[in-house]
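The structure appears below as structure tokens.
Throughout, residue positions are numbered sequentially from 1 according to the sequence presented.
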Amino acid sequence: HDSAPSDLVIEDKTQEVNPDTMRKYEDPATQIKPPNPIDINSLYPMLSQPDFPDNSFISSIVGSRRSGKSTVCESILCNELKDRFNTYFLFSPTLSGFDSIPNNHKFRDLAILPQIIKKQQDAVKNNIEVSKLIKKNEKQQSKIKYFEKDYIDSKICVIIDDMQGSGQLKNNKLLNKIATNGRHICSPDKTGRTDMSFFILSQSVVGLDTTIRRNSDVLISSRLSSKKDREILVNENMILNSSRGGISDAYFNYDQITLDRDYSFISLLNWKSNKSDYNKYVRQYQANTEKFQDIHLCGSDNDWSSEKPF
């Protein structure tokens, strides 16, 4: 074979990866891959108590069957939010998991939920009236102590799990109203004695009603096998700018957390107003199952003696 001419210049098309691209996702056009995996613990803090709003909130947790979403929810309630609520209600057709909640606080459908909300609204109104009486008699200490006995401490957490298949989650007018006006419907009184927040668990992003999904204060998700689910979650919550690089960056950050370890969940603090950088509103979470074994979140001895849920 003839050898190549000695003056032939072969262009070196090897592309170097700039360290500044560490958080960039693989660009399909150039096939430039990021270097070794980054230390996600330095970029994404763990989800903690201050990451939830002080007033009433909605948190959606998304994960396929057996992904650990119920365990994650119970872990959050028993650890990060362990002092937040004094009453818990579980709504689930299967009633699986959540051994920290007594059976008589568990229901297979949402029929009783409007009554629970109405009772909470009555508690808020009561505390507002009590506060007015105290202010009116603020110079009479004996009366203030008398009126303070009428305050109601009612801090409720509602967990709605696996309702997707029952058809009670999609187009639910009550839940959609809570999602859009929850702070007004279940608004806490100024004394800090009332609170009503919701955790809504779903096996898919599309299984959540759009109104609930887009109004979730804290959206928590495992690695989603459905491409459509991943696209909706990333496109609605993680794209900080509309350039191709911004979109790639969003997917890269999503993958860094959800592919890091088994049962790794990404947490998006959508209630935060400042979303100029991922570390301001993106968190990671792994359930701490060791810290909520044999815990009773609420209920009296009589509650825990109840054998069957409703």
Side-chain angles (χ1 to χ4, degrees), residues 47 51-65 67 69-70 72-73 76-77 81 85 88-93 107-118 120-121 124 156-188 195-222 224 226-240 242 250 254 265-275 281-283:
L47 186 70
D51 292 326
F52 291 87
D54 292 331
N55 52 9
S56 301
F57 66 82
I58 287 185
S59 176
S60 295
I61 303 180
V62 182
S64 59
R65 189 169 176 265
S67 63
K69 58 184 180 295
S70 297
V72 162
C73 183
I76 291 172
L77 295 177
L81 299 180
F85 307 104
Y88 300 77
F89 295 104
L90 171 67
F91 295 87
S92 170
F107 305 89
R108 296 185 185 276
D109 57 49
L110 298 174
I112 199 173
L113 182 57
Q115 298 178 43
I116 294 174
I117 293 175
K118 177 64 169 57
Q120 182 68 3
Q121 291 174 330
V124 172
I156 298 174
C157 179
V158 174
I159 303 108
I160 301 174
D161 187 14
D162 276 339
M163 286 291 185
Q164 183 177 343
S166 68
Q168 299 182 70
L169 199 55
K170 273 279 192 178
N171 301 315
N172 186 298
K173 292 182 179 180
L174 177 61
L175 292 180
N176 286 346
K177 190 175 182 180
I178 291 170
T180 53
N181 297 297
R183 294 178 184 85
H184 303 289
I185 296 174
C186 309
S187 59
D195 186 6
M196 190 171 193
S197 296
F198 292 77
F199 281 89
I200 301 177
L201 283 59
S202 174
Q203 292 186 13
S204 66
V205 175
V206 295
L208 288 170
D209 194 281
T210 304
T211 302
I212 295 174
R213 188 176 73 236
R214 292 181 176 175
N215 286 279
S216 292
D217 298 293
V218 181
L219 179 57
I220 302 171
S221 174
S222 67
L224 302 170
S226 166
K227 181 181 178 182
K228 184 176 182 180
D229 276 345
R230 293 197 304 271
E231 288 177 345
I232 292 174
L233 186 143
V234 172
N235 291 344
E236 289 185 351
N237 302 279
M238 296 190 67
I239 297 178
L240 299 182
S242 56
Y254 170 79
F265 281 70
I266 187 170
S267 306
L268 304 168
L269 314 182
N270 292 329
W271 67 280
K272 295 279 189 180
S273 57
N274 186 356
K275 298 185 181 70
Y281 79 103
V282 176
R283 302 288 185 266

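Taking 4.5 Å as the limit, some side-chain heavy atom of Phe52 sits within range of a side-chain heavy atom of Leu47. Using a 4.5 Å cut-off on side-chain heavy atoms (C-beta onward), Val206 and Ile232 make contact. Looking only at side-chain heavy atoms (C-beta outward), Asn172 and Asp209 stay at 4.5 Å or farther from each other. The shortest distance between side-chain heavy atoms of Val205 and Glu231 does not fall below 4.5 Å. Between Leu77 and Cys157 the shortest side-chain heavy-atom distance falls below 4.5 Å. Leu175 places a side-chain heavy atom less than 4.5 Å from the side chain of Leu110. Within the 4.5 Å cutoff, no side-chain heavy atoms of Val72 are placed close to those of Leu201.
Remark: Tyr254 OH to Arg230 CZ distance equals 6.5 Å, nearest 0.5 Å. Between the CG atom in Asp161 and the CE atom in Met163 there is a gap of 8.5 Å [rounded to 0.5 Å]. Rounded to the nearest 0.5 angstrom, Ser60 OG and Ile200 CD1 are separated by 5.0 Å. With values rounded to the nearest 0.5 angstrom, Thr180 atom OG1 is found 6.5 Å from Asn215 atom CG. Residue Leu268 holds its CG atom at 9.5 Å from NZ of Lys275, rounded to the nearest 0.5 Å. With rounding to the nearest 0.5 angstrom, the CD1 atom of Ile220 is 8.0 Å from the SG atom of Cys73.
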Check: Can you list the steps and then say if Ile178 with Leu174 is a side chain to side chain contact (heavy atoms under 4.5 Å, CB included)?
Finding: CA-CA 6 Å; Ile178 291 170; Leu174 177 61; 4.1 Å; yes
Margin query: Between Ile160 and Phe89, is the side chain to side chain contact (heavy atoms under 4.5 Å, CB included) condition met? List the steps.
Written below: CA-CA 8 Å; Ile160 301 174; Phe89 295 104; over 6 Å; no
Note to self: Under the criterion side chain to side chain contact (heavy atoms under 4.5 Å, CB included), I'd like the reasoning laid out for Ile212 against Phe198: C-alpha separation, chi angles, the key distance, then a yes or no.
What the structure shows: CA-CA 11 Å; Ile212 295 174; Phe198 292 77; over 6 Å; no
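Under the 3.5 Å distance criterion, the side-chain polar atoms of Arg108 are matched with a main-chain donor or acceptor of Pro93. With hydrogens and angles disregarded, a donor-acceptor distance shorter than 3.5 Å links the side chain of Ser56 to the backbone of Met196. A distance-only check finds no donor-acceptor pair linking the side chain of Trp271 to the backbone of Ile58 [under 3.5 Å]. Between the Gln120 side chain and the Ile156 main chain, no donor and acceptor come within less than 3.5 Å of each other. Between the side chain of Ser216 and the backbone N or O of Val218, no donor-acceptor pair lies under 3.5 Å.
Among residues two or more places apart in sequence or in another chain, the ring pair (Phe, Tyr, Trp, His ring centres under 6.0 Å) test is passed with Phe91 by Phe107. Not counting sequence neighbours, the partners of Ser222 by the side chain to side chain contact (heavy atoms under 4.5 Å, CB included) test are Ser67, Leu224, Phe265.
Centroid-to-centroid, the aromatic rings of Phe57 and Phe199 come within less than 6.0 Å.
Asp217 and Ser59 share no donor-acceptor pair across their side chains, judged by distance under 3.5 Å alone. Side chain to side chain, Asn270 and Asn237 meet the donor-acceptor criterion of an N or O pair below 3.5 Å.
The nearest pair of heavy atoms linking Ile61 to Lys69 is CG2-CB, 3.6 Å. Here the closest non-hydrogen pair linking Leu219 and Val62 is CD1-CG2, 4.2 Å. Closest heavy-atom contact between Pro114 and Ala111: CD-O, 3.3 Å. Pairing each heavy atom of Thr211 with each of Ala179, the nearest pair is O-CB, 4.0 Å. Heavy atoms only, all atoms of each residue included: Asn55 and Asp195 are closest at C-OD1, 4.2 Å.
Annotation: Lys228, atom NZ; neighbour count of heavy atoms from other residues, nucleotides and ligands within 6.0 Å does not exceed 12.
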